[in-house]
Amino acid sequence: MALLKLSPSYKDYLWGGHRLVDDYNKQYEGEVLAESWELSCHPDGPSTIINGPYAGITLAEYIQKEGKDVLGTHCRRFKEFPILIKFIDAKDNLSVQVHPSNLFALKNEGQYGKTEMWYVMDCKEGAYLYYGFKREVSKEEFARRIEEDTLLEVLNAVPVQRGDVLFIEAGTIHAIGKDIVIAEIQQNSNVTYRVYDYGRVGKDGKKRDLHIEKALAVTSRVPIIRKKTSDPHIASCDYFTVDKLNLDGTMMKTMSGFIGSESFASILIMDGKGTISSGGERMDYQKGDSFFLGAGSGSYEVTGTCEALVTSIGEKASPVRIGIEISTAFTKIGLVDVNHQLLARKVIQTQSSRPWQAVIQDIGEQTLALLEEEQIPMDTCIGAGVGAPGTIDTKKGVVRYSNNICWENVPLVEELSKYLPIPIYVGNNADCAALGEVAGGAAKDYQDVVMITLGTGVGSGVIMDGKIYEGKLAGGSELGHSVIVEDGELCTCGRRGCLEAYVSSTALIRDAKRMIASHPESMLEKAYSEHGNELTPEVIFASARMGDDDAKELIGNYGKKLGTGIVNLVNIFRPQLILLGGEIAEQGDQLLESVSQELKETSFGGAKGDIPELALASLGSNSGMIGAANLV
């Protein structure tokens with residue numbers, strides 16, 4: 001369905017008039033009609049389709065049935081439908097108000113803030129509206145004038161006429177004056193902080209609530225420099241792009257356009273009459289009509305006399321992605337740019353012994369805090385990716401099972417969405433580490449890579465043709481739980497003899513302690529004592545480099561087991577590159593030497609076949625965050 005005609009949702013706010021009925025053909029029987037929400041998926045007032053097979057359902061229901069591709073690729077960065085378009089008839093003055101930024105609104109209201117634009121469709125002579133301050137005012141003066149009822153004295157009163165355009169960025173104090181009819185295009189939000197209301201009372205006979213403290217926190221108190229246009233558009237920002245369509249019916253009576261896969265288009269008819277056609281459909285239009293053309297609709301044509309606003313969604317400039325890596329001890333949160341560079345990071349303790357809701361709440365709140373610290377608006381973020389340990393259902397956004405953090409059937413995406421209102425994707429953390437190295441690390445020149453992450457456990461990521469290989473069933477690859485020793489050491493997964501049970505840092509430290517117990521006078525035991533009876537892979541490898549025979553034997557056995565596991569992977573996948581990451585991989589050439597020898601000697605075909613390259617990951621502890629960001 002290429003061409004949808006919409007019926008609006010109506011609002012009878014006390015300051016409204018009747019011009020939307022009298023002059024703009026609205027089918028409304030009440031005495032007061034303040035607003036008609038012409039293009040809306042907002043639950044407070046959704047618009048409804050009135051033509052074709054979808055007649056009678058809301059626009060939101062249509063999008064759910066057809067899928068989000070109907071919105072276009074530029075809308076993928078939005079979790080919800082991005083905009084709301086209204087007609088407004090102000091018979092009386094609207095309250096003086098301000099809208100918060102996304103970051104403030106998300107923290108305090110649980111939804112986006114609001115940036116908007118006004119197009120003055122009609123007004124009486126002498127009409128004006130308030131737009132920012134006449135001069136800079138302090139926060140103290142702002143508060144005092146609200147209390148003393150003298151705020152209007154410092155507000156910038158702007159005379160308006162038909163065709164005027166004003167862009168109201170979040171934080172701008174403003175008010176529509178009486179006797180003005182406006183088309184408003186805004187973010188899909190209904191958050192407003194009222195600071196002055198002329199002493200009016202609502203339907204309940206009580207004065208309407210004011211929101212003084214919040215308004216003081218979000219209002220920009222310096223004069224606004226008014227922009228005449230956003231050439232070549234009448235308005236353009238990260239949330240919407242608006243163009244003016246004029247047909248006089250004589251010199252210019254037909255306009256053709258094209259709706260590509262990037263964005264839908266809204267056509268709001270402010271005056272005139274004629275026909276609009278697209279995709280073999282043809283409909284009449286008149287003053288006050290609203291049309292929706294889905295992304296990919298192709299060519300359309302408007303004929304007749306027409307004054308209209310055409311709204312679409314532009315591409316995000318300089319987008320930022322959020323990358324989150326959850327592990328047993330710590331969770332890392334990173335902000336990643338288009339070049340896969342980490343702009344900022346924060347590390348917090350996972351404390352996975354807490355209920356999973358508390359863990360995810362902490363992650364969400366700390367992510368918002370990082371954005372605030374770096375002064376990066378939420379609307380700059382096009383999405384978040386999360387790498388979590390265990391078996392992941394990437395389609396449903398659920399951690400099915402993770403023995404490392406003791407999670408089972410945790411709806412990670414759903415829960416995190418309560419704090420981050422952007423598209424969220426989830427994958428296995430080892431897969432994310434591999435993807436990070438392919439995107440911007442040691443594997444960036446390769447398309448087929450197997451990465452083994454040697455940490456508390458053994459993670460693995462398989463990249464085929466530049467994408468994570470997950471198989472057809474949920475869970476992805478768990479190469480660390482392939483058995484290399486029958487009836488061997490007990491693994492955390494419950495099986496015996498897994499690769500993880502021999503080559504994780506946990507396993508290496510376990511074997512080192514066994515070696516110390518059987519050789520109490522060794523150099524390794526001395527190093528163990530010197531480090532406060534604490535062993536780390538770094539200490540063990542350092543002892544081997546210093547010539548300790550026990551440590552050298554230990555590292556030799558470790559390398560052989562790791563080599564056995566890697567050879568198995570080579571024989572299965574035949575990748576271009578085997579990449580080693582994690583804390584043990586930080587031991588560098590000492591580790592590569594022993595593994596490389598095993599690879600050459602025991603890979604199927606040996607020197608007669610192709611042996612993949614072996615390398616160390618280069619992004620270190622950042623690979624998981626960068627890879628998670630690349631899930632977006």
Side-chain angles (χ1 to χ4, degrees), residues 325 340 385 387 389 391-392 394 427-455 457-473 475-484 498-500 502-504 558-589 591-620 622-624 626-628 630-631:
E325 182 187 7
H340 315 295
T391 301
I392 311 297
T394 58
N428 176 270
N429 57 356
D431 284 340
C432 289
L435 186 60
E437 291 290 342
V438 170
K444 63 183 178 181
D445 295 325
Y446 300 86
Q447 289 289 298
D448 300 322
V449 178
V450 174
M451 180 172 173
I452 302 297
T453 305
L454 305 169
V458 173
S460 60
V462 179
I463 307 296
M464 292 295 174
D465 296 324
K467 298 179 181 179
I468 293 174
Y469 175 75
E470 296 178 307
K472 297 298 182 183
L473 303 177
S477 61
E478 286 290 349
L479 305 181
H481 296 289
S482 56
V483 172
I484 61 169
C498 291
L499 183 64
E500 181 173 300
Y502 289 92
V503 300
S504 62
Y558 177 90
K560 190 170 182 64
K561 290 291 193 299
L562 178 59
T564 298
I566 289 176
V567 167
N568 289 339
L569 305 183
V570 170
N571 290 342
I572 295 170
F573 293 105
R574 291 291 168 180
Q576 298 168 295
L577 176 70
I578 296 287
L579 204 59
L580 300 180
E583 61 177 318
I584 294 182
E586 294 173 3
Q587 303 310 312
D589 293 341
L591 177 64
L592 287 182
E593 184 178 346
S594 59
V595 175
S596 181
Q597 188 64 31
E598 187 74 14
L599 194 59
K600 292 176 182 178
E601 292 178 356
T602 61
S603 291
F604 183 81
K608 297 179 181 178
D610 289 330
I611 298 175
E613 294 183 51
L614 183 66
L616 299 173
S618 64
L619 297 178
N622 294 332
S623 62
I626 293 172
N630 275 273
L631 295 174

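Computed over heavy atoms, backbone and side chain alike; hydrogens, waters and symmetry mates excluded.
Minimum interatomic distance between S618 and A442 (heavy atoms only, all atoms of both residues): OG-N, 2.9 Å. Nearest heavy atom pair, residue C432 against residue G624, reads CB-O, 3.8 Å. Nearest heavy atom pair, residue G387 against residue A628, reads N-CB, 3.9 Å. Smallest separation of non-hydrogen atoms from V595 and G563: CG1-CA, 4.3 Å. Minimum interatomic distance between Y469 and M464 (heavy atoms only, all atoms of both residues): CB-CG, 4.0 Å.
Here Q587 pairs with E538, F541, R545 under the side-chain contact (heavy atoms from CB on, under 4.5 Å) rule; sequence neighbours left out. Remark: S460 pairs with I452, S477, L479 by the side-chain contact (heavy atoms from CB on, under 4.5 Å) rule, at least two apart or across chains. Partners of E598 under the salt bridge (Lys or Arg N to Asp or Glu O under 4.0 Å) rule, at least two apart in sequence or in another chain, are K560. Legend: residues meeting salt bridge (Lys or Arg N to Asp or Glu O under 4.0 Å) with K561, ordered by chain and number and at least two apart, are absent. Contacts of L619 classified as side-chain contact (heavy atoms from CB on, under 4.5 Å), with partners at least two apart in sequence or in another chain: E437, S623, I626. For I468, the side-chain contact (heavy atoms from CB on, under 4.5 Å) partners are D431, L435, I463, E470, L631, not counting sequence neighbours. Applying the side-chain hydrogen bond (donor to acceptor under 3.5 Å, both in side chains) rule to E586 yields no partners; only residues at least two apart in sequence or on another chain are considered.
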Evaluate side-chain contact (heavy atoms from CB on, under 4.5 Å) for L562 paired with I584, printing each intermediate quantity in order. CA-CA 11 Å; L562 178 59; I584 294 182; over 6 Å; no

Hey, mind stepping through V570 and I611 against side-chain contact (heavy atoms from CB on, under 4.5 Å) and telling me if it holds? CA-CA 8 Å; V570 170; I611 298 175; 5.9 Å; no

Side-chain donor-acceptor pairs under 3.5 Å in residues 443-451, sequence neighbours left out?
unit_1	atom_1	unit_2	atom_2	d
Y446	OH	E613	OE1	3.0
Y446	OH	E613	OE2	3.0
Q447	OE1	G466	N	3.3
D448	OD1	D465	N	2.9

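Annotation: the span from S596 atom OG to I578 atom CD1 amounts to 11.5 Å, rounded to 0.5 Å. The distance from atom CG of N568 to atom CZ of F573, rounded to the nearest 0.5 Å, is 11.0 Å. Between L499 atom CG and T564 atom OG1 the span is 9.0 Å, to the nearest 0.5 Å. To the nearest 0.5 Å, atoms CG (L614) and CG (L592) are separated by 5.0 Å. Taking CG from N429 and CD1 from I392, the interatomic distance works out to 7.5 Å, rounded to the nearest 0.5 Å.
Looking only at distances, no side-chain donor or acceptor of E500 sits under 3.5 Å from a matching main-chain atom of G457. Side chain of Y558 to backbone of V503: a donor-acceptor contact under 3.5 angstrom is found.
Taking 4.5 Å as the limit, every side-chain heavy atom of P612 sits out of range of all side-chain heavy atoms of L577.
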